[in-house]
Amino acid sequence: MKIFNKVKGNSGEQFAAGYLKKKGYKILERNYKNSIGEIDIIARQKKTIVFVEVKTRSSLQFGNPSEAVNFHKQHKIRQVAQCYIIQKHLEDSDYRFDVIEVILEDDDINHIEDCF
């Protein structure tokens, strides 16, 4: 089951990255990791750095995927993003946190900008 979830997550992230590229975003990093955690996609939209959490589900049977991005997950993503900003000397950049929901059953994508 764990392997299936990883494959599902990877396909969702691939779908999300393609979606962002079509919308004019430049993908800077995928699966950026440090000792705190991971950010699925880091992109640039014009002058804004966008940290994207991708949540992939087979269906909506158990609710919207974005509901899994709880306070704890948001806090961890913010910490990882802060390290990235410092590492890349982007302290003067604008940034935001988005969530992309991917529903495989419908090949559907929902991009929630400035989600948290």
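Keep in mind that what you see is a predicted model, and the values were worked out from it rather than measured. What's counted below: heavy atoms across the whole structure, side chains too, no hydrogens, waters or symmetry copies.
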K.L.:
If Ile, Leu, Val, Met, Phe, Trp and Tyr residues are connected whenever their side-chain heavy atoms lie under 4.5 Å apart, and connections chain through other members, are Val50 and Leu28 in the same group?
P.N.:
no

K.L.:
Under 3.5 Å, which donor-acceptor pairs do the side chains of residues 103-110 form with other protein atoms, sequence neighbours left out?
P.N.:
unit_1: Asn110; atom_1: ND2; unit_2: Glu101; atom_2: OE1; d: 2.7

K.L.:
Taking atom NZ of Lys33 and atom CG of Asp40, what is their separation to the nearest 0.5 Å?
P.N.:
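If I round to the nearest 0.5 Å, the distance is 10.5 Å.
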
K.L.:
Taking all non-hydrogen atoms of both residues into account, name the closest pair between Gly12 and Val102 and its distance.
P.N.:
O-CG2, 3.7 Å

K.L.:
Please report the interatomic distance CD1(Ile100) to OG1(Thr56), rounded to the nearest 0.5 Å.
P.N.:
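Nearest 0.5 Å value for the CD1-OG1 distance: 9.5 Å.
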
K.L.:
Can you list the residues that meet the side chain to side chain donor-acceptor pair (under 3.5 Å) rule with Arg30, with sequence neighbours excluded?
P.N.:
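Gln14.
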
K.L.:
How long is the straight-line distance from CG of Asn34 back to CD of Gln79, given to the nearest 0.5 Å?
P.N.:
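Spacing of CD (Gln79) from CG (Asn34) equals 9.0 Å.
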
K.L.:
ring-ring contact (aromatic ring centres under 6.0 Å, His included) with Phe15: which residues, sequence neighbours excluded?
P.N.:
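By the ring-ring contact (aromatic ring centres under 6.0 Å, His included) rule, Phe15 matches no residue at all.
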
K.L.:
Do you know which two heavy atoms are closest between Val80 and Glu38, and how far apart they sit?
P.N.:
CG2-N, 4.0 Å

K.L.:
If you define the side chain from C-beta out and look only at heavy atoms, does anything of Ile49 sit under 4.5 Å from Ile42?
P.N.:
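They are in side-chain contact.
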
K.L.:
Please name the pair of heavy atoms, one in Ile41 and one in Ala17, separated by the smallest distance, quoted to 0.1 Å.
P.N.:
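Closest approach of Ile41 to Ala17, heavy atoms only: CD1-N, 3.8 Å.
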
K.L.:
Taking the side chain as C-beta and beyond, is there a heavy-atom pair between Ile36 and Cys83 under 4.5 Å?
P.N.:
yes

K.L.:
Would Leu20 and Tyr84 show up in the same hydrophobic cluster when neighbours are defined by side-chain heavy atoms closer than 4.5 Å?
P.N.:
no

K.L.:
Would you call Phe51 and Arg78 a side-chain contact if the rule is heavy atoms closer than 4.5 Å?
P.N.:
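Phe51 vs Arg78: side chains apart.
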
K.L.:
Taking all atoms of both residues into account, what is the closest heavy-atom pair of Leu60 and Pro65, and its distance?
P.N.:
CD2-CD, 3.9 Å

K.L.:
Among residues two or more places apart or on two chains, list those pairs meeting salt bridge (Lys or Arg N to Asp or Glu O under 4.0 Å) that have a residue in residues 58-77.
P.N.:
Glu53-Lys73

K.L.:
Under 4.5 Å between side-chain heavy atoms, hopping through other hydrophobics if needed: is there a path connecting Tyr19 to Ile112?
P.N.:
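Not linked; separate clusters.
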
K.L.:
So with a 6.0 Å cut-off around CD of Gln82, is the heavy-atom count from everything else above 12?
P.N.:
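No, because the 6.0 Å sphere around CD of Gln82 holds 12 heavy atoms or fewer from other groups.
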
K.L.:
For Asn70 and Phe116, what are the C-alpha separation, side-chain angles and deciding distance, and is it a side-chain contact (heavy atoms from CB on, under 4.5 Å)?
P.N.:
CA-CA 10 Å; Asn70 59 26; Phe116 60 92; over 6 Å; no

K.L.:
Are Ile39 and Glu29 close enough, and set up right, to give a side-chain contact (heavy atoms from CB on, under 4.5 Å), and what steps lead you there?
P.N.:
CA-CA 9 Å; Ile39 295 177; Glu29 302 267 354; over 6 Å; no

K.L.:
What donor-acceptor contacts under 3.5 angstrom involve side-chain atoms of residues 87-99, with partners at least two apart or in another chain?
P.N.:
unit_1: Gln87; atom_1: OE1; unit_2: Tyr32; atom_2: OH; d: 2.6
unit_1: Ser93; atom_1: OG; unit_2: Leu90; atom_2: O; d: 3.4
unit_1: Arg96; atom_1: NE; unit_2: Asp98; atom_2: OD1; d: 2.8
unit_1: Arg96; atom_1: NE; unit_2: Asp98; atom_2: OD2; d: 3.2
unit_1: Arg96; atom_1: NH1; unit_2: Gln45; atom_2: OE1; d: 2.8
unit_1: Arg96; atom_1: NH2; unit_2: Tyr25; atom_2: OH; d: 2.8
unit_1: Arg96; atom_1: NH2; unit_2: Gln45; atom_2: OE1; d: 3.3
unit_1: Arg96; atom_1: NH2; unit_2: Asp98; atom_2: OD2; d: 3.0
unit_1: Asp98; atom_1: OD1; unit_2: Asp114; atom_2: N; d: 2.8
unit_1: Asp98; atom_1: OD2; unit_2: His111; atom_2: NE2; d: 2.7

